[in-house]
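This report concerns only the one structure given below.
Chain naming here is simple, since letters A, B, ... match the order of the sequence lines and numbering starts at 1 in each.
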Amino acid sequence: MYENMNDMQMQAVCRTEGPVLILAGAGSGKTRVLTNRAAYLIEEKGVNPYHIMAITFTNKAAGEMRERIDEIVGFGSESIWVSTFHSACVRILRRHINRIGYDTNFTIYDTDDQKQLMKDICKRLEIDTKLYKERFFLNEISHAKDELISTSAYREHTEGNFVRQKVAQVYTEYQQMLYKNNALDFDDLIMKTVELFQNDREVLEYYQDRLRYLMVDEYQDTNTAQFELIRLLASKYENLCVVGDDDQSIYKFRGANIGNILNFEHYFPNASVIKLEQNYRSTQNILDAANGVIANNHGRKEKALWTQNDAGDKVLFSQFDSGFDEAEFVAADIQKKVRSGFRYQDCAVLYRTNAQSRLFEESFILANIPYKMVGGVNFYARKEIKDLLCYLKTIDNARDDLAVRRVINIPKRGIGAATLAKVQAYANEHEISFYQALRGAAQIPSIGRAAAKIEPFVTFIQTMRSKAGIIPVSELLQEIIDMTGYVQELEAEGTDEARSRIENIEELQGKVLTYEQNETEPTLSGFLEEVALVADIDSLDEDQNRVLLMTLHSAKGLEFPQVYLAGMEDGLFPSYMSITSDNALEEIEEERRLAYVGMTRAMKNLTITCARQRVVRGQMQYNRVSRFVQEIPKQVLSQTKQKVYGSQERQGTAFQQEPVQSAKNLALQQAREMFHGKTAAQQGAGQLYKNPVLDFSTGEPSSNDIHSWKAVPAQYDTKQEAAPAEIQTAAADAQDGDALARKKLGYGVGDLVRHQKFGDGMVVKIVSGGRDFEVTVQFHQAGVKKMFAAFAKLKKIQE
DNA sequence: CCTACTACGCTTTTT
DNA sequence: GCGTAGTAGG
């Protein structure tokens, strides 16, 4: 198992005692080092797996490490504690938080909950939220917690500063409210664990003795609180191994302290430092490009990343006239790559902000490219999901007022603001929770007939609570859905939006079932906890053949043969915020690290694109090529100017402004026009075309670049007529496909179906192609389209 | 108390 | 440009 490791990797594996800092460059095989190190500890050093802990940032990373350790460690690997910071802390707190005065049955508040709570507080403290936004206070509090500054410590440093005094007051109130609601926010999970360790020697010693060998991944992203947590745990045996790359530190905005890695040797004077500088992932050209960019940052740990891989293709850079052109090029290029033997899953499109994803989605739908978007609106933040979760939370934790207040009038029970105010007043007066006040609603003065409306709700919750320990979570959820008539109501609504909400609810039910299957002892609290701590990236299935769309942040730790780095424009990346910031120098360095992370995700090909103009928040913006692109050494860069058919008309429409049309429809319509234009011009499919590039303002060919090259995607290839024999087999296939499809897809040839973008149409042909079906549909408006069923999500509307 | 409309804020990134 | 929260009118 150690055979394929280089000297440095071997050193990192074998240096098991004392503090170790492994500076692991991008793609230098650090996960392999960590997993092999765990195996080495057990098999060569005879360490009991029970004494080993590996901490990561995402559940996905934890899951992968767990899997790989299981593969190489024969016996006992399951007792290694592999976990994220947050879930490790939850586990510790669930056991011991009562020692610092909290209930072990606490709820975890997400950002939505935090904002809601903050809103209440600002109202109560009569703070003008136009002057100081809820968000501002939450950011301040979060930063304080990242730095382990308690409410009392914060209060001590406010002299003469009005704003800080206000924040101190809000912070104090906020913590009290959390306590009252028996809730912790994300930052509390870390901070309270540290507090627990600081205040309770016994508990700390228990964990110190248990976790004798600590390994921390992505160490550059730890904040002060996380550092303190690790330091406390490691302070007895000092067997602490941290792995990180200061060049990939991209989470300063949420408190990551780059000093943790830069000053590691200062905190642990006897630390060994091992550098992993051989890259196994990328081509030499990609590496040169990335190195050229990151070299512009100051105060880095000296590193020289190298590779034995081939030089490979040059990094491709293209500037387009608009975001539409950019997205369309990427779609066409992916199709080209797929035809040349790559799979969709080999490709990833990375961008700075989630808002950029839409253009790609639309281009991909039109080009029939299967894709998956990671991130964006958090699934668990959707209204319908939150509603149902808050029912579960209410059942789980009687003290979570926020959850109760959210669902008390869902569905409409005729309980309004006036009644809620009376209940709240009663609760405050008697120092009981909101829910307890509801239980005694009859005693609340002047509540009148409202008491009768509250009663059924309380009875329902009580019944569910008594069932909670007995029936599985999935049944609990089903009963909530049935009793509240939530789905029924949505069905009655009958809109597309309602249907998608129902789909989300079904997905939630699916997630509950998955949880129950994976867990040995599934509980309601356990499920709610898991839900609170997942990120979208965690549930990513890499085996599915589809292009991934995600932000650069989400892409950290991943790798792809084909990477598209889109929107490389000054103002977008580096972001406008960073350029105009007070400490722009520092912030632009963080953006540069982000660019470095993005570029080093690429294994074989890196394509960088940008647009001259793009619509941002409904406004046209004109951006220059990103400074990061200029920093790429010229000899590894292949620069082409791109222009696509039809962009002139598009520019026209973009400026003429059609007030009736939403931008989304406009974009789609324009994309459609392009699509049809293409199909008409099929003859030259797959060849390179020479087009004049027209000057934007005059419409004349521009003087500086007369010609540009453009590949017409072969997706629009005219298929040759099939020979008679082939027609027969095709017909047989079609029949087989149809019979199978009717079972598996729920529709068959001749059925009317609906497509998300193309509208309604009739199924003309279905061909079974291994795992998936290729469905041909004659759309009423959009013409004949071939698509894969799993991706197209066609819905039958009529026989 | 409920519904429909308007206004606003957001968007840099997220465990 | 979108989605949500707040408000006014029924």
Side-chain angles (χ1 to χ4, degrees), chain A residues 55-62 83-90 108-112 114-116 119 123 129-130 133-135 139 142 145-146 185-190 218 221-223 225-226 249-256 350-358 374-378 380-383 386 409 411-420 449-450 453 497 530-538 550-556 567 571-581 587-588 590-591 593-595 597-598 615-619 621 659 661-667:
Chain A
I55 307 177
T56 63
F57 268 85
T58 64
N59 295 296
K60 183 166 184 288
S83 158
T84 65
F85 269 104
H86 289 85
S87 27
C89 288
V90 169
I108 301 163
Y109 274 3
D110 63 21
T111 40
D112 248 36
Q114 288 178 287
K115 201 168 174 193
Q116 198 63 48
K119 211 173 245 174
K123 201 173 265 176
T129 49
K130 284 202 173 102
K133 296 191 189 101
E134 290 96 345
R135 181 82 172 271
N139 280 339
S142 175
K145 288 179 177 178
D146 286 343
D185 66 19
F186 278 125
D187 304 312
D188 278 339
L189 295 178
I190 314 287
E218 305 283 9
D221 289 327
T222 51
N223 61 32
Q226 287 158 338
S249 167
I250 54 173
Y251 282 108
K252 185 161 173 282
F253 72 93
R254 68 172 196 217
L350 310 181
Y351 37 75
R352 180 67 180 84
T353 68
N354 275 311
Q356 289 164 258
S357 65
R358 218 191 70 207
V374 178
V377 184
N378 184 352
Y380 293 102
R382 288 165 209 265
K383 188 178 172 296
K386 278 229 89 171
N409 207 25
K412 304 263 180 313
R413 297 186 174 89
I415 303 165
T419 312
L420 292 188
R449 281 177 302 171
K453 293 174 183 168
E497 193 201 322
E530 190 169 289
V531 159
L533 297 177
V534 292
D536 200 26
I537 189 94
D538 293 337
M550 67 183 109
T551 62
L552 290 150
H553 283 87
S554 295
K556 197 182 68 170
L572 195 62
F573 189 25
S575 75
Y576 180 76
M577 298 286 278
S578 66
I579 298 172
T580 55
S581 151
E587 297 216 358
I588 289 172
E590 171 120 340
E591 298 273 312
R593 289 192 290 270
L594 197 50
V597 167
V615 182
V616 179
R617 281 200 254 158
Q619 288 208 313
Q621 274 191 6
Q661 261 176 330
S662 71
K664 191 167 185 171
N665 288 336
L666 196 66

Value in whole Å for how far the C1' atom of C/dG3 lies from NZ of A/Lys386: 16 Å

Non-neighbouring partners of A/Tyr351 that pass ring-ring contact (aromatic ring centres under 6.0 Å, His included), sequence neighbours left out: none

Set of residues satisfying salt bridge (Lys or Arg N to Asp or Glu O under 4.0 Å) with respect to A/Asp146, sequence neighbours excluded: none

Contact check, side chains of A/Leu533 and A/Leu189, non-hydrogen atoms, under 4.5 Å: yes

Between P of B/dT14 and NZ of A/Lys252, the distance in whole Å: 17 Å

Listed pairs, N/O of protein and of nucleotides 4-11 of chain B, under 3.5 Å:
{"unit_1": "B/dT11", "atom_1": "OP2", "unit_2": "A/Arg135", "atom_2": "NH1", "d": "2.5"}
{"unit_1": "B/dT11", "atom_1": "OP2", "unit_2": "A/Arg135", "atom_2": "NH2", "d": "3.3"}

Side chain of A/Arg254 - closest among B/dT13, B/dT15, C/dG6: B/dT15

Minimum side-chain heavy-atom gap A/Asp110-A/Lys386 below 4.5 Å: yes

A/Thr111-A/Gln114 side chain donor-acceptor pair, cut-off 3.5 Å: no

Check: protein-nucleotides 1-3 of chain B nitrogen or oxygen pairs below 3.5 Å:
{"unit_1": "B/dC1", "atom_1": "OP1", "unit_2": "A/Gly416", "atom_2": "N", "d": "3.1"}
{"unit_1": "B/dC1", "atom_1": "OP1", "unit_2": "A/Thr419", "atom_2": "OG1", "d": "2.9"}
{"unit_1": "B/dC2", "atom_1": "OP1", "unit_2": "A/Gly414", "atom_2": "N", "d": "2.9"}

Separation of B/dT14 C1' from A/Tyr251 OH (nearest whole Å): 6 Å

Length of the line joining A/Asp146:CG and B/dT13:P, which is rounded to integer Å: 18 Å

side-chain contact (heavy atoms from CB on, under 4.5 Å) between A/His86 and A/Gln226, worked out: CA-CA 10 Å; A/His86 289 85; A/Gln226 287 158 338; 4.2 Å; yes

Results of ring-ring contact (aromatic ring centres under 6.0 Å, His included) for A/Phe253 - residues two or more places apart only: A/Tyr251, A/His553

Those residues that, when tested against A/Glu590, pass salt bridge (Lys or Arg N to Asp or Glu O under 4.0 Å) (two or more places apart): A/Arg593

Rounded distance in Å - NZ (A/Lys60) to C1' (B/dT15): 15 Å

Sugar-phosphate only, base, or nothing, as touched by A/Glu591 at under 4.0 Å among non-hydrogen atoms: base

Side chain to side chain, A/Leu594 and A/Phe573, heavy atoms closer than 4.5 Å: yes

Sugar-phosphate, base or nothing in reach of A/Phe57, heavy atoms under 4.0 Å: sugar-phosphate

